[in-house]
Amino acid sequence: MLDLKFVRSNLDLVKGMLEKRGYDLDLSDFQSLDEKRRSILSGLEQLRHRRNKVSDQIAAMKKNGEDTSSLVAEMKTVSKEIKEIETELPGVVDQVNKVLMLIPNMPHESVVVGESADDNPVIRKWGTIRDFAFNPLPHWEIGEKLNILDFSRAAKIAGSRFSLQSGIGATLERALINFMLDVHINHHDYVEILPPFLVNSDSMTGTGQLPKFREDLFKVDGWDLFLIPTAEVPVTNIHRDEILSSDQLPIRYVSYTPCFRSEAGSYGKDTRGLIRQHQFNKVELVKFCCPEDSDGELESLTADAEEILQRLELPYRVVSLCSGDLGFSAAKTYDLEIWLPEQEVYREISSCSNFTDFQARRANIRFKRKKESGTELVHTLNGSGLAIGRTLVAILENYQQPDGSVIIPEALRPYLDGLSVIKREGAG
RNA sequence: GGAGAGAUGGCCGAGUUGGCUGAAGGCGCUCGCCUGCUAAGUGAGUGUGGGGCGAAAGUUCCACCGAGGGUUCGAAUCCCUCUCUCUCCGCCA
């Protein structure tokens, strides 16, 4: 969330931002609500001040054996009054917070104003798109023919939007996870994290999934636990309610987890294949840094994710999300989009964002500079590095051969016992 | 799941007849002094959040001793609920 003081003193700026993002949020009574909160609070504090003073006085008088009954009687009514205000205040505070929680982050100054994904500027392209001498197949056909993907049995076991991989299809998934982790750990200086895959509502609130996006989450019945929609949630919450030291920063974590999303509101989209699933694997990059470093850290985080695609020799492009396409918490986002030859489109495979202090304020993640008093909020960033399932899709589709086999990118072969091509195996 | 113990500042750790305790003491850290380096010594300072006043340095008020409620003029201290940690038993990958 944004800083209350910032919103209070820059209300017009915030309203203009909402418009650029295409948000319909009414802030007209925010000011009066905030003033009401403050006036109640200061009245309460005056009463409490009086109570503290007189209580001390009573203590002193009792020591001297003086009669305190009239003061005690007076304080009884003051206490009652305090209690009344104390019951009134949380409601008003909640109202202010509720509004504050619904305001998205201020976009970075470099973010282009636009309405939708069509307005996202392309920053760069990498790799050459292969010229197919035959009609390339979609990955689900390739996978089923190779007997490594089985969607109908996945549906029997769990339902739609689940997948089952077998044989080399399962091994390839595991190889991709290890390959990506190794690159980020050994070449990019990230620390590996294996977090809980279920988290409580405090954590979901800390990273912004709650309260606004509850319907996107799977909840465990009878528990205050949710299945994580991304490793961002547990990993960012590692430092919730902590005060870090500036010489610890930047902190860079990489984490493999499965991700669970209800995909509410995406009926009819990507109904076939691995693109949109209730459960998928992802290697996530998460950073905590000083405010002045977050612009640079976003560039390097994006480059780290790109390197995976480069090593796998998969053609992609980088787009910068425009104001209308930008996520709720993000100040700036680069999407990595992979080329899919069958559909002849670029599809998102990674989303790298700088959240500035927006998540940190909500999750209360602060740091202290050496030789300075006071605390500041850290900046948080994260990005996929990468989505495993979609990478598998990209490999199957971009490396498919006329005979139905699929060449394995060289960088991955050490993780597959040297295997260089996937051919049909085993009966199903 | 059963029985018991605990939760205090960056860390350790006092504080149970309720009342100058925002909290002793220690460690750590910062600044100064001293010692030709290092170590030791020595003096001072050192929580967070919010409100008011101030251009600022600052000043003042309120809150916070796991979380939430209660008793009381007054609670870190008493009562209730919850969460977490530890020990023992049971179960289990």
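In what follows, chains are A, B, ... by sequence order, proteins preceding strands, each numbered from 1. This structure is a prediction, so every number in the text was calculated from the model and none was measured.
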With rounding to whole Å, what would you report as the distance between [N] and [M] at their [atom1] atoms?
N     : M     : atom1 : answer
B:A3  : B:C11 : C1'   : 32 Å
B:G6  : B:U17 : P     : 16 Å
B:U38 : B:C31 : P     : 15 Å
B:G32 : B:G50 : C1'   : 34 Å
B:G58 : B:G66 : P     : 31 Å
B:G70 : B:C64 : P     : 13 Å
B:U87 : B:G13 : P     : 16 Å
B:U77 : B:G22 : C1'   : 15 Å

Under-3.5 Å N/O pairs linking protein and nucleotides 60-62 of chain B:
unit_1	atom_1	unit_2	atom_2	d
B:C61	O3'	A:H49	ND1	2.7
B:C62	OP1	A:H49	ND1	2.8
B:C62	OP1	A:N52	ND2	3.2
B:C62	O2'	A:R48	NE	3.3
B:C62	O2'	A:R48	NH2	3.4

Could you check, using the six-membered ring where one of them is a Trp, whether [X] and [Y] have ring centers closer than 6.0 angstrom?
X      : Y      : result
A:F218 : A:H278 : yes
A:H239 : A:Y253 : yes
A:F328 : A:F358 : yes

Whole-Å distance between [N] [atom2] and [X] [atom1]?
X      : N     : atom1 : atom2 : answer
A:L244 : B:C11 : CG    : P     : 13 Å
A:L89  : B:G51 : CG    : P     : 13 Å
A:F367 : B:G10 : CZ    : P     : 17 Å
A:E66  : B:G19 : CD    : C1'   : 15 Å
A:L41  : B:G50 : CG    : P     : 12 Å
A:D241 : B:G47 : CG    : P     : 20 Å

Taking for each residue the nucleotide of RNA chain B bearing the nearest heavy atom, is the 5' side occupied by A:D56 or by A:L4?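 Result of the comparison: A:D56.
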
Can you check salt bridge (Lys or Arg N to Asp or Glu O under 4.0 Å) on A:D216 and A:R261, steps first, answer last? CA-CA 6 Å; A:D216 297 332; A:R261 299 185 183 177; over 6 Å; no

So, OP1 or OP2 of B:G51: does either fall under 4.0 Å of a side-chain N or O from A:R8?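 For B:G51, OP1/OP2 do have a side-chain N/O of A:R8 under 4.0 Å.
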
Within the pair A:K368 and B:U48, is there a side-chain N or O less than 4.0 Å away from OP1 or OP2?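 Yes, because at least one side-chain N or O of A:K368 sits under 4.0 Å from OP1 or OP2 of B:U48.
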
Within the 4.0 Å limit for protein heavy atoms, which parts of nucleotides 64-85 of chain B are touched? Write it as a string from 5' to 3', B for base, S for sugar-phosphate only, - for none. -------S-BS-----------

Criterion salt bridge (charged side-chain N to carboxylate O under 4.0 Å, His left out) against A:R50, the qualifying member of A:E81, A:E45, A:E74: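 Going through the options one by one, the only one that passes is A:E74.
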
Donor-acceptor side-chain pairing of [X] and [Y] below 3.5 angstrom:
X      : Y      : value
A:Y316 : A:Q310 : yes
A:N178 : A:Y256 : no
A:S351 : A:D335 : yes

State, with a plain yes or no, whether a side-chain heavy atom of [X] is found less than 4.5 Å away from one of [Y].
X      : Y      : answer
A:D29  : A:L33  : no
A:C289 : A:L381 : yes
A:L274 : A:F151 : yes

Salt-bridge contact A:R347-A:D270 (side-chain N to carboxylate O under 4.0 Å):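 Result for this pair is yes, salt bridge flagged.
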
What closest approach, in Å, do A:I193 and A:S255 show between heavy atoms, and which atom pair accounts for it?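 Nearest pair, atom of A:I193 first, then A:S255: O-OG, 2.9 Å.
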
Pairs counted as Watson-Crick or G-U wobble with both distances under 3.5 Å: what dot-bracket string results for RNA chain B, using | for bases tied to another strand? ((((((((.[[[..)...(.....]]]((((((.......))))))(((((((....))))))).[[[[[..)....]]]]])))))))....

Contact class for A:K80 vs. all strands (heavy atom < 4.0 Å): base, sugar-phosphate, or nothing?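 Touches nothing.
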
